[in-house]
Amino acid sequence: MPVTERRPMSPSTLERVLVDGPAGALEADLNDPGEPRRGIALIAHPNPVQGGTKDNKVVTTLAKTLFGLGYVAIRPNFRGVGASAGAFDHGNGETEDLLAVARYASARFGTLPLLLAGFSFGAFVQTRVAQSLKAARLVLVGPAVNRFPAATVPPDTLVIHGEHDDVVPLAAVLDWA
């Protein structure tokens with residue numbers, strides 16, 4: 001699909017939605033570039049226990065970039081974060097949360113290609129989501145592979161990781177990859 005000129009993501013394209021999740025409502029920010037849509041990008045945030053939210057700067061940068069490429073960008077707060085119901089569940093419930101948001105996005109926008117993206121804990125959760133859904137692409141930033149048991153991912157997964165990361169050494173990510 002040729003890349004067409006897109007407008008930048010802005011407050012005028014932002015829609016706040018509540019999605020029915022397994023533990024109650026899930027708060028999400030959705031930016032729709034309009035037709036033609038390249039796909040749906042489901043973007044997951046860092047560990048909520050350490051302050052991670054849908055408004056994390058890496059998560060919002062991923063959303064802006066993917067929106068600019070023509071994807072519907074949807075960033076939910078995991079359970080217990082912001083207006084999302086429930087409580088932290090160590091990745092299990094959070095995986096179910098993302099599956100619920102993916103179902104919502106598919107029902108709303110149709111069978112578009114699905115791109116799963118996540119940062120740190122969100123990357124770990126997306127490796128789990130990818131075990132249940134057929135994703136056209138995975139984009140994992142700073143995957144916390146030494147903190148959480150990340151699942152095996154397809155060989156064409158895009159992994160972005162800092163050489164001097166203080167939390168997850170690059171060597172741990174290379175060993176996992």
Side-chain angles (χ1 to χ4, degrees), residues 14-31 39-63 66 71-109 114-154 157-162 165-169 172-173 175-177:
L14 176 65
E15 181 182 351
R16 299 252 157 102
V17 295
L18 291 175
V19 176
D20 289 332
L26 294 168
E27 172 188 35
D29 285 355
L30 185 148
N31 293 87
I40 298 167
L42 177 58
I43 306 157
H45 66 73
N47 196 333
V49 174
Q50 297 171 325
T53 75
K54 66 179 175 49
D55 297 318
N56 171 277
K57 65 183 176 183
V58 174
V59 172
T60 57
T61 298
L62 282 167
L66 294 166
Y71 288 87
V72 174
I74 186 163
R75 300 174 287 129
N77 268 332
F78 287 128
R79 56 185 56 204
V81 178
S84 290
F88 181 68
D89 192 27
H90 307 279
N92 298 314
E94 291 78 7
T95 300
E96 295 301 317
D97 292 346
L98 291 186
L99 290 170
V101 175
R103 284 190 297 273
Y104 163 84
S106 273
R108 180 165 171 186
F109 296 102
L114 179 64
L115 184 146
L116 301 175
F119 175 43
S120 189
F121 174 81
F124 153 66
V125 175
Q126 292 291 33
T127 68
R128 297 170 52 110
V129 170
Q131 302 300 303
S132 297
L133 294 179
K134 172 95 172 102
R137 175 68 99 184
L138 267 75
V139 178
L140 308 176
V141 180
V145 297
N146 64 341
R147 298 178 147 218
F148 304 99
T152 302
V153 295
T157 298
L158 175 60
V159 178
I160 303 167
H161 199 83
D165 190 301
D166 293 340
V167 179
V168 180
V173 175
D175 288 345
W176 167 77

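On a predicted model such as this, the values are computed, not experimentally measured, just so you know.
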Measure across W176 and P143 and return the closest heavy-atom pair with its distance rounded to 0.1 Å.
-> CZ3-CG, 4.5 Å
What distance do F119 atom CZ and I160 atom CD1 have between them, rounded to the nearest 0.5 Å?
-> 10.5 Å
For A63 and A73, which heavy atoms make the closest approach, and how far apart are they?
-> O-CB, 3.8 Å
Are any non-hydrogen side-chain atoms of D55 and D29 less than 4.5 angstrom apart?
-> yes
Could you tell me the separation between the CG atom of L18 and the CG atom of N77, rounded to the nearest 0.5 Å?
-> 10.5 Å
Are Y104 and I40 close enough that some pair of their side-chain heavy atoms sits under 4.5 Å apart?
-> no
Should the ring pair F148 and F121 be called parallel, tilted or perpendicular, given that the plane angle runs from 0 to 90° and is split at 30 and 60?
-> perpendicular
Report yes if the side chains of L98 and P76 come closer than 4.5 Å at any heavy-atom pair, otherwise no.
-> yes
Residues N146 and A172: closest non-hydrogen pair is CB-CB, 4.3 Å
Crowding at CG, D165 (>12 non-hydrogen neighbours, <6.0 Å) = yes
Kindly indicate whether the side chain of R108, heavy atoms from C-beta on, has any atom under 4.5 Å from the side chain of V17.
-> yes
How far does CZ of R79 sit from OG of S84, to the nearest 0.5 angstrom?
-> 9.5 Å
CG on L115 to CG on L138, rounded to 0.5 Å | 7.5 Å
The single option from Q131, R128, Q126 passing side-chain hydrogen bond (donor to acceptor under 3.5 Å, both in side chains) against T95 = R128
Are any non-hydrogen side-chain atoms of V19 and R103 less than 4.5 angstrom apart?
-> no
Value rounded to 0.5 Å, distance of CZ in R75 from NE2 in H45 = 10.5 Å
Under a 4.5 Å cut-off applied to non-hydrogen side-chain atoms, are L30 and F109 in contact?
-> yes
Heavy-atom closest pair (H161 atom, V168 atom, distance to 0.1 Å) is NE2-O, 2.7 Å
So, does E96 use its side chain to make a donor-acceptor pair with the main chain of G93 at under 3.5 Å?
-> no
What are the two closest heavy atoms between V141 and A123, and how far apart are they?
-> O-CB, 4.2 Å
Indicate yes or no: at least one non-hydrogen side-chain atom of V59 is less than 4.5 angstrom from one of P46.
-> yes
Within the distance-only criterion (no hydrogens, no angle test), does the side chain of E94 pair as donor or acceptor with the backbone N or O of F88 below 3.5 angstrom?
-> no
How long is the span from the CG atom in N56 to the CD atom in Q50, to the nearest 0.5 Å?
-> 11.5 Å
Nearest heavy-atom approach of V129 to L99 is CG1-CD2, 3.9 Å
Indicate yes or no: at least one non-hydrogen side-chain atom of K54 is less than 4.5 angstrom from one of F78.
-> no
